[in-house]
There are 2 protein chains.
Amino acid sequence: MRARGLRVSTARRLVLQALFAAEGPVSAQQLARELAVDTTSVYRNLELLERFGVVRHVHLGHGAGLYVLAGRREFEYLYCERCENVTPVATHDLDPVRSHLEREFGFRAGFTHFAIVGVCKRCARRRRQ
Amino acid sequence: MRARGLRVSTARRLVLQALFAAEGPVSAQQLARELAVDTTSVYRNLELLERFGVVRHVHLGHGAGLYVLAGRREFEYLYCERCENVTPVATHDLDPVRSHLEREFGFRAGFTHFAIVGVCKRCARRRRQ
DNA sequence: ATACTTGCAAATGATTTGCCAGTGT
DNA sequence: ACACTGGCAAATCATTTGCAAGTAT
């Protein structure tokens, strides 16, 4: 799978496995803690895997960057600034949005680096404004 | 204008004036340097002004948060990840996008905290993919 | 006079870099 | 063997906090 120049070190495998098993995006710190691998190594591996296109990272609200496998179906995220809930959405669900931005501004938007921040259905119902 | 409990200290006035004069979002560091005010004070004033709704901040690519007056017409930003160019857009220009997200996911999106990241017209023309 | 503000030093949190010892191939 | 990796300490960047001195009201 990834025998193109990359060694299969223990830390590397662990990081990959953890990302594979994860339900959502995880921080480098979390990975380091859970895997008992030094934070530095986690960062170095994530960076390397990111260069190889295997991993990518997102920013939800404030706070640390979060890492995910690049191959996931749900590629983009709606982040509720009230309850901090994260709703992953499939790329094609945002295609209409992308088309609109392309038509209107000639801009090819990706929503993979930053989440779309706002207020989720439940929180909108709950409180006014 | 802001005589509702706030003192009008020199640093405060300078920060506000600088933001008023600025063409786009600026970092706290830039303000501190340009105004010869301590970075700490700049941050403290920005934070305070943000709480009072006078100022807000955005994140374009990576790097420091950038501050703008809250009253600006161009409220949201398209950020090109290739050339780092920033295109401000008026809120109502993104209304169709917001409507779509609301209809589709019941999600009230704001694009004020994170820029919309992608590839601008010019860069899309320039290089393939 | 007094509470709000400042600057400076130091702390924090995320991420990166240097360096040497350890290990996959 | 040897280049690639890992851990640990220390550096860096953005931002925050503590504290004593300064200032707007």
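Just so you know, these numbers come straight off a predicted model, no measurement behind them. Reminder, nothing fancy here: chain letters follow the sequence lines and each chain counts from 1.
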Determine whether Leu31(A) and Leu46(A) make a side-chain contact, defined as any pair of heavy atoms from C-beta on separated by less than 4.5 Å. yes
Please give, in whole Å, the distance from dA14(C) C1' to His59(B) NE2? 13 Å
Residues Arg98(B) and Glu76(B) bridged, charged N to O under 4.0 Å: yes
Interatomic distance where CG belongs to Leu6(B) and P belongs to dT23(D) [whole Å]: 20 Å
By salt bridge (charged side-chain N to carboxylate O under 4.0 Å, His left out), Arg103(B) pairs with (sequence neighbours left out) none
Identified stems (criterion: three or more consecutive Watson-Crick or G-U pairs, under 3.5 Å), DNA chain D: C:1-10 with D:16-25, C:12-14 with D:12-14, C:16-25 with D:1-10
Interatomic distance where CG belongs to Leu48(B) and C1' belongs to dT6(C) [whole Å]: 13 Å
Check whether any side-chain heavy atom of Val117(B) lies under 4.5 Å from a side-chain heavy atom of Thr112(A), and answer yes or no. no
Glu47(B) atom CD is separated from dA14(D) atom P, nearest whole Å, by 19 Å
Sugar-phosphate, base or nothing in reach of Gly63(B), heavy atoms under 4.0 Å: nothing
When you compare the side chain of His62(B) with that of His113(A), does any pair of heavy atoms fall below 4.5 Å? yes
Considering only side-chain heavy atoms of Val37(A), which listed nucleotide, dG6(D), dT15(D), dG7(D), is closest? dG7(D)
dG7(D) C1' sits how many Å from Tyr43(A) OH, rounded? 16 Å
What one should report as the nearest heavy-atom pair of Ala115(A) and Tyr79(A) is CB-CB, 3.9 Å
Could you tell me if the side chain of Val55(B) sits less than 4.5 Å from the side chain of Val68(B), heavy atoms only? no
Using a cutoff of under 3.5 Å, can you pull out all pairs of nitrogen or oxygen atoms linking the protein to nucleotides 8-12 of chain C, with atom names and distances?
none

I want to check something: taking the side chain as every heavy atom from C-beta on, are Val42(A) and Asp38(A) in contact at a cut-off of under 4.5 Å? no
Contact between Val58(A) and Tyr77(A) at the side-chain level, heavy atoms closer than 4.5 Å - yes or no? yes
Measuring only between side-chain heavy atoms, which start at C-beta, is Leu48(B) closer than 4.5 Å to Arg12(B)? yes
Quick one: ring pair (Phe, Tyr, Trp, His ring centres under 6.0 Å) partners of Phe114(A), sequence neighbours excluded? His59(A), Phe114(B)
Please give me every residue in residues 20-35 of chain B whose heavy atoms get under 4.0 Å of an atom in DNA chain C, ordered by residue number. none
According to a strict under-4.0 Å criterion, is Ser41(A) in side-chain N/O contact with OP1 or OP2 of dG7(D)? yes
Write down the distance between NE2 (His62(A)) and C1' (dT15(D)), rounded to a whole number of angstrom. 11 Å
Spacing between Arg13(A) atom CZ and dT5(D) atom P, to the nearest angstrom: 14 Å
Short N/O separations, protein against nucleotides 21-24 of chain C, under 3.5 angstrom:
{"unit_1": "dG24(C)", "atom_1": "N2", "unit_2": "Arg7(A)", "atom_2": "NH2", "d": "3.2"}

Worked verdict on Ser99(A) versus Glu102(A) for side-chain hydrogen bond (donor to acceptor under 3.5 Å, both in side chains): CA-CA 5 Å; Ser99(A) 307; Glu102(A) 169 110 43; over 6 Å; no
In terms of side-chain heavy atoms of Ala11(A), which of dG6(D), dG7(D), dT5(D) is nearest? dG6(D)
With no hydrogens and no angle check, do the side chains of Glu50(B) and His57(B) hold a donor and an acceptor under 3.5 Å apart? yes
Would you say the side chain of Val86(A) lies within less than 4.5 Å of the side chain of Leu78(A), judging by non-hydrogen atoms? no
Asn45(A) CG to dT16(C) P, in whole Å, measures 13 Å
